[in-house]
Amino acid sequence: MTETLIWTVAALIVIGLYLSWTAGRLDRLHARIDAARAALDAQLLRRASVAQELATSGVLDPAASIVLYEAAHAARQAEEDHREVAESELSQALRAVFGEPEQVEAVREAPGGEEAANELAAAVRRVPMARRFHNDAVRAARALRRHRKVRWFRLAGHAPFPLAFEMDDEPPVALADRPA
């Protein structure tokens with residue numbers, strides 16, 4: 001009887017340690033999602049700010065400036081529910097304005113344009129990477145949260161189910177191919 005009790009207690013301790021380790025792993029994944037989301041937000045804000053600066057600099061023609069400024073402003077002011085759409089529209093505006101290499105060269109030839117073009121090129125290249133890191137962390141957390149043990153023992157606590165950030169982040173070809 002005593003031996004059975006000892007084995008039962010030992011098994012419960014091992015199960016408890018395993019569940020505790022799994023809960024800790026899930027917590028670390030959620031922290032990684034939060035950090036990746038903060039990095040993504042910073043990159044999106046940087047891209048919108050650089051685009052807005054470029055639109056108001058007078059380097060672009062008036063029509064392109066208006067299109068780019070409105071898209072960048074909408075991306076910066078978007079509510080969380082509409083952020084993905086606004087950021088996708090900024091990507092589309094960037095591709096429309098900088099779709100031709102001649103437009104990028106015209107910006108580079110303007111005073112201060114070389115620095116602005118390089119900064120925008122760096123910003124549009126970093127957004128897809130930041131989004132990929134965020135979505136990879138979300139994918140890992142979702143995979144772990146789908147396990148029965150996580151659901152049965154409620155190891156996720158009250159943390160919201162992680163959502164991927166889906167947007168059109170394809171950079172303009174003329175900006176993406178240039179080294180910063």
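The structure presented is a predicted model; accordingly, all values stated were derived computationally and were not measured. Heavy-atom basis, side chains included; hydrogens, waters and symmetry copies ignored.
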side-chain contact (heavy atoms from CB on, under 4.5 Å) assessment of Tyr69 paired with Leu60: CA-CA 11 Å; Tyr69 180 83; Leu60 301 173; over 6 Å; no

Less than 4.0 angstrom from a charged side-chain N to a carboxylate O is my criterion; do [X] and [Y] meet it?
X: Arg83; Y: Glu87; answer: yes
X: Glu170; Y: Arg125; answer: no
X: Arg132; Y: Asp136; answer: no

With a 4.5 Å cut-off on side-chain heavy-atom distances among I, L, V, M, F, W and Y, is there a chain of contacts connecting [X] to [Y]?
X: Val59; Y: Leu120; result: yes
X: Val14; Y: Phe153; result: no
X: Leu90; Y: Leu45; result: no
X: Met167; Y: Val97; result: no
X: Ile6; Y: Ile15; result: no

Please find the pair of heavy atoms, one from [X] and one from [Y], that lie closest to each other, and give the distance.
X: Leu175; Y: Ala121; value: O-CB, 3.6 Å
X: Leu68; Y: Ala55; value: CB-CB, 4.0 Å
X: Ala156; Y: Val150; value: N-CG1, 4.3 Å
X: Ala71; Y: Ala93; value: CB-CB, 3.6 Å
X: Ala72; Y: Ala48; value: CB-O, 3.5 Å
X: Phe161; Y: Arg145; value: CA-NH1, 3.6 Å

If we only count heavy atoms from C-beta on, is the [X] to [Y] side-chain gap below 4.5 Å?
X: Glu84; Y: Asp168; value: no
X: Arg108; Y: Asn118; value: yes
X: Arg32; Y: Leu29; value: yes
X: Val138; Y: Phe165; value: no

What distance do [X] atom [atom1] and [Y] atom [atom2] have between them, rounded to the nearest 0.5 Å?
X: Leu54; Y: Ser49; atom1: CG; atom2: OG; value: 12.5 Å
X: Arg139; Y: Ile33; atom1: CZ; atom2: CD1; value: 11.0 Å
X: Asp169; Y: Ser91; atom1: CG; atom2: OG; value: 6.0 Å
X: Glu166; Y: Asn135; atom1: CD; atom2: CG; value: 5.0 Å
X: Leu19; Y: Leu12; atom1: CG; atom2: CG; value: 10.5 Å
X: His73; Y: Gln52; atom1: NE2; atom2: CD; value: 7.0 Å

Residue of the set Met129, Arg126, Arg131 for which side chain to side chain contact (heavy atoms under 4.5 Å, CB included) holds with Leu40: Arg131

For Arg46, look at atom CZ and say whether over 12 heavy atoms of other residues, nucleotides or ligands are found less than 6.0 Å away. yes

Determine, step by step, whether Arg47 and Leu94 satisfy the side-chain contact (heavy atoms from CB on, under 4.5 Å) criterion, reporting the C-alpha distance in whole Å, the side-chain angles of both residues, the deciding distance to 0.1 Å, and the verdict. CA-CA 10 Å; Arg47 180 181 76 154; Leu94 286 166; 4.0 Å; yes

